[in-house]
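Take a look at the structure set out below.
Whatever order the structure lists ligands and atoms in, that order sets their numbers, starting from 1.
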Amino acid sequence: MTDKERIDWLRSELTRHNYNYYVKNAPEITDQEFDRMMHELLSLEAAHPEWDDDTSPSRRVGSDLSHEFEQVAHRYPMLSLDNTYNRDEVGAFYQRVSAGLDGEPFDLCCELKFDGLSISLTYEDGRLVRAVTRGDGVRGDDVTENIRTIRSVPLRLAPGGAWPASFEMRGEVLMPWDSFERLNREREAREEPLFANPRNAASGTLKSKNSAVVARRGLDAYFYYVLGDALPSDSHYENVRAAASWGFRVSEAMRRVRTLDEVYAFIDYWDTERRRLPVATDGIVLKVDSLSQQRRLGLTAKSPRWAIAYKFQAERERTRLVEVTYQVGRTGAVTPVANMDPVQLAGTVVRRASLHNEDIMRQLDLHEGDWVYVEKAGEIIPQVVGVDAAARAAGAQPVRFITHCPECGTALVRYEGEAATYCPNDATCPPQLKGRIEHFISRDAMDISQLGPETVDDYYGRGLIRDAADLYDIRTEDINGADGTRQRSAERIVEGIARSRSVPFERVVYALGIRFVGKVVAKQLARHFGDIDALMAARLDDLLQVEGVGTVIAQSVMAYFAREENRRFVERLRRAGLKMAVEQAEAASDRLAGKTIVISGTFSQHTREEYKTLIERHGGKNAGSISGKTSFVLAGENMGPAKLEKAAKAGVPLVSEAEFLAMIE
Ligand code: IVH
């Protein structure tokens, strides 16, 4: 096979496996095998830029290059739907359609109403050429690069399929609940503002200028509308089913029905059953199935006469606002919290709800003692969604965001372009100091599990610690006896602190708590610079060389080390004996994590011993003989026939020296 043939073959195989995995949920190969093929494709593509192709499955990883969105006109305007919350209006819609068709029989297609962002994809000759957001319905943003990272969106349709040469596919970009919850957990850990619901998260993600971010966030898409001049059928339902066979993710819930009773049965079923779906839905959509009947019914100014959306009632309760309190986090971010009279909502009692930030709080226009509405977005996080202004007492005062830190009294600040309000007093504001120590001892940082928020609070209160470096001065006699801590547990705490001296450098970097420097970035920084002195001396350009580091992170790192007190803190940690450099044997990457590799044959670039070390440094395991557990054989020249046969029998792939080096590069 020539390189070109190999590239084509890998692209079509990876495309097929992507579809099997993400759309059909029926993978045929292991993740390892998929990764191996992807690595091979990436290295071949790097060697042959002349065969570049936008629809290559390798494009799904996205790019860090920032791009502005271009405004593009829709070929067919993107209309919206008439909404109703009322079942009688569904009946009225049915009658209107019937009258509009002069009593002729008609079918309705019942679908779920997905709660995300609508998107229009253009396919030419089976290739995705453009993805545009709804925008104002006439023009939208070209978000093609970001859409390419969504694994369930076909970049290229299977050859030989009955798809039209040119068509548009409309659907909804969504963030599944599990991605949404993971994202919010990560944001919470970094004290970044949370997304209120998956739709906001999907929208924020899709508008990201960095498609590598989009690729990581786990978006998905469902498609529900095919547009074009040469569609397979006059039936909307059939066209969408056909699109499913071309490779699009289409909801299994779609039903074609005749009677109003069937419509109501569909509504009733999904009103409860939707809670089990992996994505958010907010209602159902009814569409007249026949395209020719759709044309006869026509459009109003904004929406088609042949469709209607019935929205589910969100679970919502009314309760009384008691007060707004403010929480100060480790970064100094101040979060307003609504404290309310307890109210039962979707199975739990709700007393408190985050108001997120000053702007969101202002939009609600809260007044003291207001009656507020709380909803559970997707039955998880309670939200204050509005105020019953009619029930407001005369003369009630508006609730104003505080101007000074409730913990230390410092005047609060807001930085340009940021939604959060901060207490700038990171030197002495207690929750910030304690929060930083809690971060320092946390599992992914120094992992001092003998300490926790209560002990930190206690030691802080007794003046034993003001920052994390003070931990290393604590002696058993300082904590023994106090608060009932006995000799043995005091010893254990001091031992636990002492043991943290052997925590690897990358976690020390993370433990410093530099803003925006999460675990992954800390690891990259540690590996790139090797030791703390090089990291502290790094300039903007040096930092931008590091994978995953953009200007925001780079500036935050520089700002951290520019401050004298932080440099002093680092020096005290160094004197306390913490690791301030990567160790030679320390892992270089985790590219081979979970892989068991057998080395066989002779090599030209490194010795076998060196390959063993390389495997370990990249997180893999070296094994002596081939078995079902072997992930692949690193195969050099002159591999013996017995081994070759054994590998073939066990279905273990062979990886050449060059492919292996490309993998760990
Ligand atoms: S059809 C002319 N079908 O709801 C008909 N829309 O309020 C165009 N939506 O902008 C849309 N699920 O973002 C259609 N099964 C579905 C839908 C759906 C969600 C969204 C879509 C649209 C909005 C209309």
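- The side chain of K287, and not its backbone, has at least one atom closer than 4.0 Å to an atom of ligand 1 (non-hydrogen atoms only; side chain from C-beta on).
- Sorted by first and then second residue, the side chain to side chain donor-acceptor pair (under 3.5 Å) pairs involving residues 363-374 (not counting sequence neighbours) are H367-R392, D370-R392.
- Taking the six-membered ring where the residue is Trp, the centroids of F223 and W246 are separated by 6.0 Å or more.
- Under the 3.5 Å distance criterion, the side-chain polar atoms of Y264 are matched with a main-chain donor or acceptor of R87.
- Given atom 15 (N) of ligand 1, the protein heavy atom at minimum distance is E111 OE1, 2.8 Å.
- Closest to atom 8 (C) of ligand 1 among all protein heavy atoms lies L79 O, 4.1 Å.
- Polar contact with ligand 1: absent for L117 (N/O pair, distance under 3.5 Å).
- Distances below 4.0 Å separate heavy atoms of P304 from the following atoms of ligand 1: 2 (C).
- At least one N/O-N/O distance between S118 and ligand 1 falls below 3.5 Å.
- R187 places no side-chain N or O within 3.5 Å of a backbone atom of F195 that could act as its donor or acceptor partner.
- Remark: distances from the non-hydrogen atoms of A309 to ligand 1 are all 4.0 Å or more.
- Taking the salt bridge (charged side-chain N to carboxylate O under 4.0 Å, His left out) definition, one finds that K207 meets it with nothing, sequence neighbours left out.
- Some N or O of E172 is nearer than 3.5 Å to an N or O of ligand 1, by distance alone.
- At under 3.5 Å, a nitrogen or oxygen of L112, whether backbone or side chain, sits near a nitrogen or oxygen of ligand 1.
- Looking at atom 14 (C) of ligand 1, its nearest protein heavy atom turns out to be Y224 CE1, 3.2 Å.
- F114 N, 3.0 Å is the protein heavy atom nearest to atom 12 (N) of ligand 1.
- Taking only nitrogen or oxygen atoms, main chain and side chain alike, Y225 does not reach within less than 3.5 Å of ligand 1.
- Between F167 and Y123, the ring planes lie parallel to each other; the angle is under 30°, not in the 30° to 60° tilted range.
- Relative orientation of the F114 and Y222 rings is parallel, given thresholds of 30° and 60° on the angle between their planes.
- Both tests do not hold together for R362 against F401: distance to the six-membered ring centre under 6.0 Å, angle to the ring axis within 45°.
- Closest protein heavy atom to atom 5 (C) of ligand 1: L81 CD2, 3.7 Å.
- For the side chain to side chain donor-acceptor pair (under 3.5 Å) criterion with T55, the lone passing option out of R11, R148, R156 is R156.
- Close placement of the Y422 and Y415 rings is indicated, their centers lying within 6.0 Å of each other.
- Residue-to-ligand polar distances place K113 within reach of ligand 1: an N/O pair is separated by less than 3.5 Å.
- Only the side chain of V285 comes within contact range of ligand 1, with a heavy atom under 4.0 Å; no backbone atom does.
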